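Worksheet: one structure, shown below.
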Amino acid sequence: MCRHLAYLGAPVSPVGPLVGAPHALLVQAHAPADMRGGGTVNADGFGLAWLADDEGPPVRYRRARPVWTDETLPRLAETVRPAAFVGAVRSGTPGMPVEEGACAPFVDDRWMFSHNGVVTGWPSSVAGLAEKLPVVDLLGLEARTDSALLWALLRRRLAAGGDPVTEVAQLVSDVERAAPGSRLNLVLTGRDLLVATAWTHSLSVLARAGGVAVASEPYDDDPAWQPVPDRHLVVARRDGTGAVVDRIVPLDERSST
């Protein structure tokens, strides 16, 4: 499995959640507290993506090595103050490659995406979903992994004009139907919206003045952290000064707005 986190709100440095906080992503990479049967060490790569204030596409830094061996990430995180970012560390599923292209976050011109979990029966279980993608999308997968395919499926639906909240929820439903028992904690973050799912894996949410964070595990001891119930969807939206939690609902009761 993996660990990930995302933030939306007033500009902040990601250095605390990534490497500085008591249970930062750096710590979770080698000492996770709640992997729920999905392994113990996340040493197969890491990534950080953020949205700069120039209205351009996400900026991304990732490597296919343990996050604790990288000297660049801490200093890099200190130098930026984005209003939205996604970080992840990876524990590769056996049989899937350990390479930079397999590391979240995955990005396009607008969105940042991460998957914490595994698709059971990969790849045959989701062949029916994959065959609905244009051949060019399949040829352009960044890696031969379940996460890269999930991103390709979601990106195609978003490009077709789908509502992001609805499409994230629908993707979980479609994959669970095709591959029962999958772990499908997803995060999708853009400039004005954060969507996250808790599906058979741990997720917590923190709403502070000015911003909202979600994380596989709380990265500090703030008592405002709240566990997200299993099979629930979290939606946070930008408001006038930062971001607020719009709703936390069962995935089968989600609705687009």
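All values reported here derive from a predicted model rather than from experimental measurement. Along the sequence shown, the residues carry numbers beginning at 1.
- A side chain to side chain contact (heavy atoms under 4.5 Å, CB included) with V80 is found for exactly one of F85, Y61, W50, namely W50.
- The two residues S204 and P227 have their closest heavy-atom pair at OG-CA, 3.9 Å.
- Side-chain atoms of H232 come within 3.5 Å of backbone N or O of D230 as a donor-acceptor pair.
- Here the straight-line distance linking atom CG of L203 with atom CD of Q226 works out to 12.0 Å at 0.5 Å rounding.
- A side-chain donor-acceptor contact under 3.5 Å links S216 to the backbone of H4.
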Q.
Determine whether R90 and R62 satisfy the following criterion, side-chain contact (heavy atoms from CB on, under 4.5 Å), listing intermediate values before the conclusion.
A. CA-CA 11 Å; R90 181 172 183 248; R62 56 183 182 166; over 6 Å; no
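- A continuous path of Ile, Leu, Val, Met, Phe, Trp and Tyr side chains, each step under 4.5 Å between heavy atoms, connects V168 with V119, placing both in one hydrophobic cluster.
- Rounded to the nearest 0.5 angstrom, L138 CG and E131 CD are separated by 10.0 Å.
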Q: With salt bridge (charged side-chain N to carboxylate O under 4.0 Å, His left out) as the test, would you mind laying out the steps for R155 and E142 before giving the verdict?
A: CA-CA 13 Å; R155 183 178 58 191; E142 292 187 66; 5.4 Å; no
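- Between W151 and F113, the ring-plane angle classifies as parallel under the 30° and 60° cut-offs.
- Here the straight-line distance linking atom CZ of R156 with atom CG of L133 works out to 7.0 Å at 0.5 Å rounding.
- Scanning all heavy atoms of the two residues, the minimum distance from V89 to V67 falls at CG1-CG1, 4.0 Å.
- Separation of atoms CG (L188) and CD (E167) is listed at 10.5 Å; rounding is to 0.5 Å.
- In this structure, D34 contributes its side chain and S202 its backbone to no donor-acceptor pair below 3.5 Å.
- The nearest pair of heavy atoms linking N185 to T200 is OD1-N, 4.4 Å.
- Atom CZ of R110 has 12 or fewer heavy atoms from other residues, nucleotides or ligands within 6.0 Å.
- Under a hydrophobic clustering in which Ile, Leu, Val, Met, Phe, Trp and Tyr are joined whenever their side-chain heavy atoms come within less than 4.5 Å, directly or via other members, L158 and M112 fall into different clusters.
- Within a 6.0 Å sphere centred on CG of D54, heavy atoms belonging to other residues, nucleotides or ligands number more than 12.
- Between the side chain of Q28 and the backbone N or O of R3 there is no donor-acceptor pair closer than 3.5 Å.
- Between W111 atom CH2 and L51 atom CG the span is 9.5 Å, to the nearest 0.5 Å.
- When each of V19, L18, V12 is tested with V15 by the rule side chain to side chain contact (heavy atoms under 4.5 Å, CB included), just one qualifies, namely V19.
- Between R157 and D174 there is a salt bridge, since a side-chain N of the basic residue sits under 4.0 Å from a carboxylate O of the acidic one.
- Looking only at distances, a side-chain donor or acceptor of R238 sits under 3.5 Å from a matching main-chain atom of A83.
- Using a 4.5 Å heavy-atom cutoff, the side chains of L48 and V59 are not in contact.
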Q.
Using side-chain contact (heavy atoms from CB on, under 4.5 Å), reason through V214 and V228 one step at a time and then give a plain yes or no.
A. CA-CA 9 Å; V214 296; V228 177; 5.9 Å; no
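- Annotation: side chain of L206 is in contact with side chain of D222 (closest heavy-atom distance under 4.5 Å).
- For CZ of R231, the number of neighbouring non-hydrogen atoms (other residues, nucleotides, ligands) closer than 6.0 Å is greater than 12.
- Partners of E99 under the side-chain contact (heavy atoms from CB on, under 4.5 Å) rule, at least two apart in sequence or in another chain, are P97, A102, A143.
- Put simply, V165 and V234 are part of two different groups of oily side chains (I, L, V, M, F, W, Y) that touch within less than 4.5 Å, one to the next.
- H115 places no side-chain N or O within donor-acceptor distance of the main-chain N or O of A148, the cut-off being under 3.5 Å.
- Cluster membership for V98 and L141, using ILVMFWY side-chain heavy atoms within less than 4.5 angstrom, is not shared.
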For residues 120-128, tabulate all N or O donor-acceptor pairs below 3.5 Å that involve a side-chain atom, not counting sequence neighbours.
from	atom 1	to	atom 2	distance (Å)
T120	OG1	A179	O	3.2
T120	OG1	P180	O	2.9
T120	OG1	S182	OG	3.4
S124	OG	G121	O	3.3
S125	OG	T120	O	2.6
S125	OG	G121	O	3.3

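- Remark: aromatic rings of Y219 and W225 are close, center separation under 6.0 Å.
- Heavy-atom minimum distance, N42 versus P32: ND2-CG, 4.2 Å.
- Closest heavy-atom contact between D108 and P57: O-CB, 4.2 Å.
- Put simply, L8 and L5 are part of two different groups of oily side chains (I, L, V, M, F, W, Y) that touch within less than 4.5 Å, one to the next.
- Side-chain contact, S173 with R177: a donor N or O sits under 3.5 Å from an acceptor N or O.
- Residues L25 and A88 share a closest heavy-atom pair of CD2-N, 3.5 Å.
- No side-chain heavy atom of Y7 sits less than 4.5 Å from a side-chain heavy atom of P14.
- Using modelled atom types, no side-chain atom of D246 and backbone atom of A236 make a donor-acceptor pair closer than 3.5 Å.
- A donor-acceptor contact shorter than 3.5 Å is absent between the side chain of S114 and the backbone of V187.
- The backbone N or O of G181 sits less than 3.5 Å from a side-chain atom of E176, completing a donor-acceptor pair.
- The structure places CZ of R183 at 12.5 Å from CG of D146, a figure rounded to the nearest 0.5 Å.
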